[in-house]
Engineer: 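What follows is a single structure, and I will ask about it in a moment.
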Amino acid sequence: MAHEGLWEQLAKLDRQETARRAQCQYIEEADSYSLAMLNKAYVASLSDMRIFSSGSNSQQETASFLEQLCLLAYLISAADVPRSNALVNAQSLPGGQFFFRGPHTLPTEKLRQAFGECPEALYRASASFAAKRCEFGDASITLDILPRVQLTIVIWRRCEEFDARASILFDKSVAAQLPLDALMAAVNLTVGALLRPTAGNN
């Protein structure tokens, strides 16, 4: 079973305290947690070690490997600490300068390629995620991946003097909410979701 060790860790934790830390709901009669990721509802069932999303049509869809990793790691790790309102890059997080390199490099290049010619397209791509516009670069947004985990994306337009650029930033408090491997997975899920509409236009 995928992530069996994480399920075992989660099962040992106090249910109500976990729900409070993670800012989600524990459903006692179903022994499950209900929480949102990228503005989508998920249920993590402890009784059968299964995570699924429930759409508006009430159909259950089993969460992907990365979705399960993010949700389980978050339920285990989430801490009741306020956001710092200080944005940092991944390398500034504890252990980040060693982790976010090589195969763990953040997918800023994909964002640059998708939005560098038209930064405003970022706003359309992120509309379904309840993203908030920011004042950085030529286009920027902040969106909630999980209740206590925010991501900020900044795009700079290509011009005669400079190539297009993209940055991914985090609230400094994210270090208390997710381990780095789960944070990397969350970023990849977010960027993949943002690029899905643009892929259909290619």
Side-chain angles (χ1 to χ4, degrees), residues 1-55 60-96 99-100 104 106 126 129-132 141-153 168-193:
M1 174 181 289
H3 311 301
E4 185 173 358
L6 294 179
W7 281 110
E8 291 175 354
Q9 290 182 56
L10 181 59
K12 295 175 182 177
L13 300 177
D14 179 272
R15 305 316 200 231
Q16 298 296 341
E17 174 63 14
T18 296
R20 187 189 66 80
R21 287 188 295 100
Q23 292 186 330
C24 67
Q25 182 182 8
Y26 173 65
I27 306 168
E28 187 171 359
E29 57 271 23
D31 195 18
S32 63
Y33 295 99
S34 174
L35 70 163
M37 181 168 65
L38 290 174
N39 214 30
K40 186 176 180 180
Y42 290 84
V43 173
S45 173
L46 288 158
S47 57
D48 56 4
M49 295 186 182
R50 178 171 169 250
I51 299 179
F52 57 88
S53 62
S54 52
Q60 296 181 355
E61 181 180 339
T62 300
S64 70
F65 183 89
L66 288 184
E67 288 171 330
Q68 292 181 53
L69 170 61
C70 293
L71 291 165
L72 289 171
Y74 176 71
L75 287 168
I76 293 168
S77 302
D80 185 12
V81 297
R83 290 195 177 113
S84 69
N85 296 318
L87 293 178
V88 298
N89 61 31
Q91 287 72 27
S92 298
L93 298 173
F99 182 84
F100 291 105
H104 295 144
L106 292 181
S126 62
F129 304 110
K132 298 176 182 176
I141 57 167
T142 293
L143 56 83
D144 292 324
I145 304 178
L146 291 155
R148 291 188 183 273
V149 179
Q150 279 189 337
L151 181 83
T152 297
I153 293 173
I168 296 174
L169 304 171
F170 308 93
D171 188 272
K172 194 174 181 180
S173 66
V174 77
Q177 309 300 342
L178 280 177
L180 296 183
D181 61 336
L183 181 59
M184 181 74 199
V187 171
N188 283 327
L189 285 171
T190 303
V191 172

Engineer: Can you name the side-chain contact (heavy atoms from CB on, under 4.5 Å) partners of Ala175, sequence neighbours left out?
Structural biologist: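 Ala175 satisfies side-chain contact (heavy atoms from CB on, under 4.5 Å) with Leu93, Pro94 once adjacent residues are dropped.
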Engineer: Within a strict 4.5 Å, meaning less than it, do heavy atoms of the Gln25 and Leu35 side chains meet?
Structural biologist: no
Engineer: Between Glu61 and Ser53, is there a donor-acceptor pair closer than 3.5 Å when you use the side chain of the first and the backbone of the second?
Structural biologist: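 Not confirmed, Glu61 side chain does not pair with Ser53 backbone.
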Engineer: Quick one: are Tyr33 and Leu72 in side-chain contact, heavy atoms under 4.5 Å?
Structural biologist: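 No, their side chains stay 4.5 Å or more apart.
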Engineer: Side chains of Cys24 and Leu75: does their closest heavy-atom pair fall under 4.5 Å?
Structural biologist: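 They are in side-chain contact.
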Engineer: Contact between Phe170 and Asn89 at the side-chain level, heavy atoms closer than 4.5 Å - yes or no?
Structural biologist: no
Engineer: Under the side-chain contact (heavy atoms from CB on, under 4.5 Å) rule, collect the residues that match up with Ala78, sequence neighbours excluded.
Structural biologist: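 For Ala78 the side-chain contact (heavy atoms from CB on, under 4.5 Å) partners, ignoring immediate neighbours, are Arg21, Ala22, Tyr74, Gln177.
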Engineer: For Asn39, which residues count as a side-chain hydrogen bond (donor to acceptor under 3.5 Å, both in side chains) partner, sequence neighbours excluded?
Structural biologist: none
Engineer: Just by modelled atom types, is the Ala11 backbone N or O under 3.5 Å from a matching donor or acceptor in the Arg15 side chain?
Structural biologist: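 Such a contact is found between Arg15 side chain and Ala11 backbone.
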Engineer: With a 4.5 Å limit on heavy-atom distance, are the side chains of Thr142 and Leu169 in contact?
Structural biologist: no
Engineer: Under 3.5 Å, which donor-acceptor pairs link side chains of residues 180-192 to any protein atom two or more places apart or in another chain?
Structural biologist:
from, atom 1, to, atom 2, distance (Å)
Asn188, ND2, Met184, O, 3.4
Thr190, OG1, Ala186, O, 2.8

Engineer: Enumerate the salt bridge (Lys or Arg N to Asp or Glu O under 4.0 Å) contacts for residues 62-71, please, sequence neighbours excluded, ordered by first and then second residue.
Structural biologist: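 Residue pairs passing salt bridge (Lys or Arg N to Asp or Glu O under 4.0 Å), neighbours aside: none found.
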Engineer: So do the side chains of Gln150 and Val174 get within less than 4.5 Å of each other, counting heavy atoms only?
Structural biologist: no
Engineer: Taking only residues two or more places apart in sequence, or in another chain, which ones meet Ser77 in a side-chain contact (heavy atoms from CB on, under 4.5 Å)?
Structural biologist: Pro179
Engineer: How about Ile145 and Leu178: do any of their side-chain heavy atoms sit closer than 4.5 Å?
Structural biologist: no
Engineer: Heavy atoms only: give me the nearest Met37-Cys70 pair and the separation to one decimal.
Structural biologist: SD-CB, 3.8 Å
